[in-house]
Amino acid sequence: MTSSDNGPRRGPGARRKQRIDALAGSAMATAPATVDEAGAIDEGDGVSLIASAWRRLRRNPIFLLGLGITVVFVVLAIISPLLAPHDPAKWILADQISQQTNPVPDPQPGHPLGGDPKGRDLLSRLLIGSRQTLMVGVLATLGGLTGGVLLGTIAGAFGGWVDSVVMRIVDVMLSIPSLLLAMSIAVVAAEPSQWTVIIAVGAVQVPIFARLLRGSMLAERSKDHVLAARALGVRRRAIVLRHMLPNSLGPVIVQSTLVLATAIIDAAALSFLGLGNPDDSQPEWGQMLGQAQQYIYDNPHLAFYPAACIIVVALGFTLMGESLREALDPKSRR
Amino acid sequence: MLKFIVRRLMQLVLVVFVLSILLFAWLRALPGGVVSAMLGERATPKSRAALTEALGLNEPIPVQYLNFLERAVQGDFGVSTGVQTGRPALDIFLERFPATIELSVVALVLAISLAIPLGYLSARRSGGIIDNASILGSLVGVAVPVFFLAFLLKYWFAVELGWLPVSGRQSIGNATSVTGFFVLDGILTREWDAAWDSLKHLILPGIALASIPFAMIFRITRASVLDVLDEDFVRTAQAKGLSHRVVRGRHVMRNALLPVVTAVGLQMGLLLSGAVLTETVFNFGGVGSALEEAFRERDYPVLQVIVLVAAIAYVLVNLLVDILYALIDPRVRP
């Protein structure tokens with residue numbers, strides 16, 4: 001499921017959403033954590049919860065499929081420089097313009113997928129592309145997560161007018177359709193690069209994470225262990241950072257698996273619209289897909305390979321995220 | 001109820017106000033600024049100064065903002081600096097708007113009429129073949145980038161098979177335009193060929209765009225029907241010996257559709273994002289393609305209108321959805 005799950009829902013919708021967030025939050029810490037005099041949480045119950053979730057996930061074919069896909073692609077991304085038979089940036093195959101109208105080199109010995117319009121080995125570009133694509137996705141998600149956790153913590157911890165101000169900002173960000181927001185951010189950057197894509201795609205996720213975290217923080221505020229810590233005179237910063245935040249992170253972490261899929265697709269969409277990284281010496285799948293557009297009628301394979309890779313990777317993250325969410329949240333049913 | 005609507009409308013005004021400030025700041029942050037965008041980088045200092053003066057850019061920033069706001073309220077968003085240089089940005093937007101509405105309506109109708117029955121069926125036979133197949137289908141649907149789906153549809157059904165038109169909104173050219181909605185125009189003026197032609201142009205982009213709301217509405221309907229089927233009043237209705245048809249229609253579906261209404265509202269922003277990509281692929285000539293063009297041409301006034309109107313429309317639709325929700329379900333009436 002995409003980001004839309006957490007769109008702006010005030011009024012009745014918001015109440016329902018908060019209930020769901022609260023449930024998801026409580027699922028991460030089923031038994032009330034006990035508080036010792038120093039104010040530290042006894043993590044014992046958390047471990048058994050993860051263990052029990054793992055026991056359920058282990059037998060879930062959807063989760064295993066997602067995990068399998070993800071592991072394969074991560075390993076591929078790590079060892080791709082060893083696997084790639086050719087330099088992805090080098091002009092290797094002869095240009096065919098002189099002999100034919102079609103400038104794309106055909107498959108030939110040593111180049112099983114043929115070449116791209118610039119005569120570079122397509123297989124090598126696909127393999128190396130896994131690195132860049134995953135890096136863009138992971139960095140954008142981490143960026144969005146950091147920003148969202150920061151905003152959500154501030155809103156959830158202070159409450160009152162701080163909460164109102166932060167949430168209105170979040171509302172405004174959510175009132176702009178995500179791709180539009182990403183396009184706007186990408187266009188402000190003087191020169192499009194890998195980093196503008198990462199920043200644009202990450203920024204779009206900030207309000208979603210913020211809203212989600214605030215929901216579970218508010219639910220956490222009235223929990224017994226927080227009240228106990230407050231009664232013991234633990235400082236507010238310690239309560240927020242040590243008691244509320246760790247217990248509220250569950251739903252946000254699960255969400256990031258799903259956001260990874262969205263981030264990779266969004267980055268591809270930006271490249272498709274010509275707002276991505278123009279430097280193709282380090283290929284990226286979205287960029288390859290975007291560049292394939294002008295050759296699509298005669299050479300659909302140029303678009304098909306990177307698109308298939310994007311779809312499979314996004315599917316892997318989505319399957320994993322959905323089954324994780326299901327295992328940790330007793331209320332949701334897929 | 002009235003109080004609730006008034007409060008929400010005030011929130012809307014607040015959101016739009018904050019958004020206008022952000023837009024204004026964004027405009028000032030643009031690389032090279034508006035003057036360079038309009039005159040090009042190599043303009044003479046004299047003409048630059050003249051334009052700066054004419055645009056009021058030498059005034060203090062708060063004054064500039066108030067000027068901008070005053071003009072915007074009167075519908076003056078400046079003139080396009082892109083393909084149609086000199087035309088009011090608002091006119092360009094209004095000319096393109098009907099196309100996007102037409103496309104979105106087709107996509108929403110398609111998505112709703114497939115997703116709700118399928119969601120119901122899936123929930124009734126929870127765990128069955130239909131259920132698992134449609135869940136997997138909806139997860140795959142999320143992983144496939146919209147623009148790639150649009151490409152595939154265009155490639156197979158328009159280019160290879162030739163069943164449907166490749167691009168554009170019409171091929172025979174409507175003689176008369178009454179509303180700007182081409183299908184409606186054809187029906188109103190009894191030009192059946194033109195209406196049918198325009199409808200054919202809507203099918204492929206409509207299917208591509210429907211893929212996003214379809215997955216979401218399906219999953220929400222399914223989860224919601226599962227919830228309602230568990231409720232006591234459904235069991236009571238069945239125990240009373242009411243026919244399946246009555247239980248299904250009056251008890252299950254009526255209650256299960258509540259969250260679906262909210263979900264449909266949330267789809268609006270995603271629909272616009274999807275429309276940008278779909279319209280680009282099919283060269284559809286709606287707001288989406290206008291937006292893509294404006295980004296390519298760095299046509300800031302047009303960008304501004306589209307972002308602002310899209311955001312207002314999105315917030316308004318969500319308000320309507322919340323009001324509708326309160327009307328259908330007395331329990332959540334504020």
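All chains are named by letter (A, B, ...) in the order of the sequence lines, taking the proteins before the strands, and each is independently numbered beginning at 1. Scope of the values below: all heavy atoms of this structure, side chains included, with no hydrogens, waters or symmetry mates. Note that this is a predicted model, so its numbers are computed, not measured.
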Heavy-atom closest pair, residues B/A143 and A/I265:
O-CD1, 3.4 Å
Engaged part of A/A261 at the chain B interface, taking heavy atoms whose separation is under 4.5 Å
neither
Ring geometry between A/F272 and B/F147 (parallel below 30°, tilted from 30 to 60°, perpendicular above 60°)
parallel
Do you know which two heavy atoms are closest between B/V140 and A/L315, and how far apart they sit?
CA-CD1, 3.7 Å
In Å and rounded to the nearest 0.5 Å, what is the CD to CD1 distance from A/E322 to B/I135?
10.0 Å
Does any part of the side chain of A/M183, heavy atoms only, come nearer than 4.5 Å to the side chain of B/L303, both counted from C-beta?
no
Atom CG of residue position B/L161 - does it have more than 12 heavy atoms of other residues, nucleotides or ligands inside 6.0 Å?
yes
Proximity breakdown for A/L289 and chain B, heavy-atom pairs closer than 4.5 Å:
side chain
What option among A/G286, A/A308, A/A268 has the most heavy-atom pairs under 4.5 Å with chain B?
A/A268
Need one label for A/F304: side chain, backbone, both or neither, based on atoms under 4.5 Å from any heavy atom in chain B.
both
For the interface with chain A, which of B/L136, B/I306, B/V144 has the highest count of heavy-atom pairs at distances below 4.5 Å?
B/V144
For each of A/I310, A/V313, A/I311, tally heavy-atom pairs with chain B at distances under 4.5 Å, and name the one with the top tally.
A/I311
